[in-house]
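To keep things clear, I will list the structure first and then write my remarks on it.
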There are 2 protein chains.
Amino acid sequence: MVKRYSAQKMMIKDALMRLNHPTASEVYEYIRKSYPNISLGTVYRNLGLMAESGEILRISMGNSPDRFDVSTNDHLHVMCRECGQVFDADSHKLENMLKEIDEFLEESTGVHIEDRTMYFSGICSSCREKS
Amino acid sequence: MVKRYSAQKMMIKDALMRLNHPTASEVYEYIRKSYPNISLGTVYRNLGLMAESGEILRISMGNSPDRFDVSTNDHLHVMCRECGQVFDADSHKLENMLKEIDEFLEESTGVHIEDRTMYFSGICSSCREKS
DNA sequence: TATCAATTAGTAATAGTTACTATTATTATA
DNA sequence: TATAATAATAGTAACTATTACTAATTGATA
Ligand SMILES: [Mn+2]
Ligand SMILES: [Mn+2]
Ligand SMILES: [Zn+2]
Ligand SMILES: [Zn+2]
């Protein structure tokens, strides 16, 4: 069970670095330009494996298709509901607040918090200018 | 365009009050016991309409099916990853912190935050006792 | 009672994703 | 190097959650 770093896997990693939080099909379409034979299944499988191993991040936002992220450091995501762009925000400075929220929830629900999911949406500055 | 509060709609509302943050099919299965002819489409449509009008809440947690909530007040959700139970937590006391997070994000991304989605998961107290 | 829009049941269609399978590519080994 | 073992792929089928469609039903109104 030796992990083979196939050409396809490298292309997927490369696409992730070039695109901004792409969906699986965005990765697929990007690679297809230079390598038309890539299979959508291969893209999904590798993104899933990489996310599971912690090499990349899977971002589930509501009911839209999952997005993937090469940055695995702790950070938050904000999406513009006008243009769809996804913005990163370093959550370092919020660490204490987030811990406080966890503690509050543990106390009021009895659940030992192991994971939190949060994302935000609004209108980005360039979309605000346009209107 | 008179809003008719059909028998089906009432059954759906009743199911929501009796079940704990159910999915559309949980609502469907519940109603089917006493009214086998109810259509899954009707359940989906009415849940969607009620959520849109603000009469109930739609809760999207990751890639699992959407859940619905009769309580429309501001509160947070915590799910036990062992038994799947969903717990409510009044977010009143966190209001200031949440606003601070919004402000931080507006400053660091330029996006004017209009909506935030957050949910948490962990192990509930009764599941912790069992192991 | 006749009319007409709202709603329904039942089913078809869709989107996103995972599963399957035969084939190809890569590595290990005789 | 030739052969065997197995990891990964392309292509497609299947699946789940959800929405769309349509003909029939319901119920309010004139
Ligand atoms: Mn990111
Ligand atoms: Mn709730
Ligand atoms: Zn924008
Ligand atoms: Zn539990």
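Keep in mind that this is a model prediction, so the values were computed, not measured. FYI, side chains are in, hydrogens and waters are out, and symmetry mates aren't considered; it's all heavy atoms of this structure.
- Within 4.0 Å (heavy atoms only), A:S6 reaches sugar-phosphate atoms of the nucleic acid but no base atom.
- Formation of a donor-acceptor pair under 3.5 Å by the B:E106 side chain with backbone atoms of B:I113 is found in this model.
- In this structure, the CG atom of B:N46 is 13 Å from the C1' atom of C:dA9, given to the nearest Å.
- Remark: B:Y35 is in phosphate contact with C:dA9, judged by side-chain N or O atoms under 4.0 Å from OP1 or OP2.
- Put simply, OH on B:Y28 is 10 Å from P on C:dT11, counting in whole angstrom units.
- Rounded to whole Å, the distance from NZ on B:K9 to P on D:dT26 is 16 Å.
- Using a 4.5 Å cut-off on side-chain heavy atoms (C-beta onward), A:R81 and B:D115 make contact.
- For the 3.5 Å distance criterion, the side chains of B:S125 and B:R128 fail to qualify, holding no donor opposite an acceptor.
- Between B:K13 and B:E55 there is a salt bridge, with a side-chain nitrogen of the basic residue lying less than 4.0 Å from a carboxylate oxygen of the acidic one.
- B:Y28 contributes atom OH, which lies 13.5 Å from atom CG of B:L47 (distance to the nearest 0.5 angstrom).
- Side-chain contact between B:N20 and B:V86 is present, with at least one heavy-atom pair separated by less than 4.5 Å.
- Distance, A:I38 CD1 to D:dA8 P: 14 Å, rounded to whole Å.
- Atom P of nucleotide D:dT19 and atom CD of B:E52 are separated by 10 Å, given to the nearest angstrom.
- For A:H21 and A:D88, the side-chain atoms include at least one donor-acceptor pair closer than 3.5 Å.
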Between the protein and nucleotides 24-26 of chain C, list every N/O to N/O distance that falls short of 3.5 Å.
unit_1: C:dT26; atom_1: O2; unit_2: A:R4; atom_2: NH1; d: 3.4
unit_1: C:dT26; atom_1: O2; unit_2: A:R4; atom_2: NH2; d: 3.0

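- Side-chain atoms of A:I101 and B:I101, non-hydrogen and from C-beta on, do get closer than 4.5 Å to each other.
- A close approach under 4.0 Å does occur between a side-chain nitrogen or oxygen of B:Q8 and OP1 or OP2 of C:dA9.
- One can place CZ of A:R45 at 8 Å from P of D:dA10, the figure rounded to the nearest angstrom.
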Give me the distances for all protein-to-nucleotides 12-18 of chain D N/O pairs that come in under 3.5 Å?
unit_1: D:dT18; atom_1: OP1; unit_2: B:D66; atom_2: N; d: 3.0
unit_1: D:dT18; atom_1: OP2; unit_2: B:Y44; atom_2: OH; d: 2.9

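- Spacing between atom CE of A:M11 and atom P of D:dA8 amounts to 15 Å, rounded to whole angstrom units.
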Quick one, A:F68 with A:V27, criterion side chain to side chain contact (heavy atoms under 4.5 Å, CB included). Give me CA distance, side-chain angles, the key distance, then yes/no.
CA-CA 9 Å; A:F68 297 87; A:V27 169; 5.9 Å; no
